[in-house]
Structures are given as structure tokens and as C-alpha cells.
Colleague: 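Can you keep this structure in mind? I'll have questions shortly.
Not measured: the values here are computed from a predicted model.
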Amino acid sequence: MGLQEYCKAKRSFGKVEVKKKNEMRNDFELKKFNEELNNSFNDQTFGFRDNYIISKIEKSISFTVFIRKEKIGLKYPFKNINQDKIDALTTLISEIHSDFKHKKYKTSPYNNYSIWELNTEELKNNEIIDLIKKIKMHFL
């Protein structure tokens, strides 16, 4: 069934739902992807927590990697970094993939952490695995 037929069928029930290209976006498929990641990397462990996958990439800086249903994030391990450091890391991370975007988040009024996120809705599992390989090889 093509997208048009799918939409027609949904319209007949009063709703139109368009599914996204990558359907690895439920908890069961994310958990299966966690197993696939562990089988793909013999030097790294990935853990499944509630609704995301977590791991560390040990470089000169130990980034925490979060893989959610629609994003992959690289969390910087130290809090309250200055804008010059953010800009320098953004430049390095954009060499891995130009669509990584920096975002700050607070864990308390005094603790700002930085994470660089990439939307993965359009990526297949093997492309995410290749992206992680590229991160591991990159000089960070």
C-alpha cells in the first residue's frame, strides 16, 4: 500500500496520519537497535534506559551519547562552559555532521550542560551506526 492509499484509508475513518520515513521510533525497535549497536561495536557497550540508548565515547573528552527515538545527542561532561568553548566544540562536531545543533539544558539554576543533537528521523539504523563510527574516529 502506497502513501496515497494509506491516507485514503485513514481519511475514510475520519483521520489522516502520515507515518515518518524511519519507523525505528518505538521503544521495542529502539531496544532492538540497542542490541544491534552492541553487536556492531566490540569495544563499546550501549545500554537501554526507559526510552533511550546511552553510552560513552572515550576520547580526550568523554562525551555521553544519547540515542532517542528521533535524535542522537553528544553531551559534554562538564557544566557551565563558556561560549568560546561551545563555539570550538561546535566547529569540531560539525566536522562529523554539519547538522549537529548545540543546546543548553539546566539540571539546577546553577548547572548548565551542553549537548549537541542531530535529528535522525531520516537516518536508517546502519547510517546511525556509521555516524557513531565517525564520531569514534574523529579527533575531539
Colleague: Under 6.0 Å from the CG atom of Asp99, do we count more than 12 heavy atoms belonging to anything else shown?
Modeller: yes

Colleague: Are Phe63 and Tyr52 linked, directly or through intermediate hydrophobic residues, by side-chain heavy-atom contacts shorter than 4.5 Å (ILVMFWY only)?
Modeller: no

Colleague: Between Asn39 and Glu35, do the side chains contain a donor N or O and an acceptor N or O under 3.5 Å apart?
Modeller: no

Colleague: Looking at every heavy atom in both Ser114 and His102, which two are closest together, and how far apart are they?
Modeller: OG-NE2, 2.8 Å

Colleague: Below 4.5 Å, heavy atoms only, C-beta onward: do Asp27 and Lys69 meet side chain to side chain?
Modeller: yes

Colleague: Could you see if Trp116 belongs to whatever hydrophobic cluster contains Tyr105? Use Ile, Leu, Val, Met, Phe, Trp, Tyr and a side-chain cutoff under 4.5 Å.
Modeller: no

Colleague: Is it true that Ile129 and Ile57 fall in one hydrophobic cluster, defined by side-chain heavy atoms closer than 4.5 Å?
Modeller: yes

Colleague: How many angstroms lie between OG in Ser40 and CD1 in Ile132, if you round to the nearest 0.5 Å?
Modeller: 8.5 Å

Colleague: Using every non-hydrogen atom in the two residues, find where Glu117 and Lys103 come nearest and quote the distance to one decimal.
Modeller: OE1-NZ, 3.5 Å

Colleague: Donor-acceptor check, side chain of Ser62 to backbone of Glu58, threshold 3.5 angstrom: yes or no?
Modeller: no

Colleague: Identify the two heavy atoms, one from Leu118 and one from His97, that lie closest to each other, and give their separation to 0.1 Å.
Modeller: CD1-ND1, 3.6 Å

Colleague: Does one side chain, of Lys71 or Thr120, offer a donor that lies under 3.5 Å from an acceptor on the other?
Modeller: no

Colleague: Might you point out which heavy atoms bring Phe66 and Ile54 nearest each other, and give the distance in Å?
Modeller: CE2-CD1, 3.6 Å

Colleague: How far does CG of Asp50 sit from NZ of Lys31, to the nearest 0.5 angstrom?
Modeller: 10.5 Å

Colleague: Are Ile93 and Tyr76 close enough, and set up right, to give a side-chain contact (heavy atoms from CB on, under 4.5 Å), and what steps lead you there?
Modeller: CA-CA 11 Å; Ile93 292 170; Tyr76 189 72; over 6 Å; no

Colleague: If you measure from CG on Asn111 to NZ on Lys79, what distance do you get to the nearest 0.5 Å?
Modeller: 4.0 Å

Colleague: State, to 0.1 Å, how close Asn38 and Gln44 come at their nearest heavy-atom pair, and which atoms those are.
Modeller: OD1-O, 3.9 Å

Colleague: Can you check whether Ile96's main-chain N or O pairs, donor with acceptor, with Lys134's side chain at less than 3.5 Å?
Modeller: yes

Colleague: Apply the test side-chain contact (heavy atoms from CB on, under 4.5 Å) to residues Leu74 and Val65: give CA-CA distance (whole Å), side-chain angles for both, the deciding distance (0.1 Å), then the verdict.
Modeller: CA-CA 5 Å; Leu74 300 174; Val65 178; 3.8 Å; yes

Colleague: Supply the atom-to-atom distance Phe48 CZ to Asn34 CG, rounded to the nearest 0.5 angstrom.
Modeller: 7.0 Å

Colleague: Taking atom CG of Leu131 and atom NE2 of His138, what is their separation to the nearest 0.5 Å?
Modeller: 11.5 Å

Colleague: What's the spacing between Glu70 CD and Glu122 CD if we round to 0.5 Å?
Modeller: 10.5 Å

Colleague: Between Thr64 and Lys56, does a side-chain hydrogen bond (donor to acceptor under 3.5 Å, both in side chains) hold up when you go through it step by step?
Modeller: CA-CA 4 Å; Thr64 302; Lys56 285 224 186 262; 3.0 Å; yes

Colleague: Any non-hydrogen side-chain atom of Lys85 less than 4.5 Å from a side-chain atom of Phe78?
Modeller: no

Colleague: Spell out, as yes or no, whether a donor-acceptor pair under 3.5 Å connects the side chain of Asn112 to the backbone of Asn80.
Modeller: no

Colleague: Please lay out, stage by stage, how Phe100 and Leu92 fare under the test side-chain contact (heavy atoms from CB on, under 4.5 Å).
Modeller: CA-CA 10 Å; Phe100 269 106; Leu92 285 172; over 6 Å; no

Colleague: Nearest heavy-atom pair of Ile53 and Leu30: which atoms, and what distance?
Modeller: CD1-O, 3.5 Å

Colleague: Walk me through whether Ile72 and Leu123 qualify under side-chain contact (heavy atoms from CB on, under 4.5 Å).
Modeller: CA-CA 11 Å; Ile72 184 170; Leu123 298 180; over 6 Å; no

Colleague: Answer yes or no: is there a side-chain heavy-atom contact under 4.5 Å between Ile128 and Phe33?
Modeller: yes

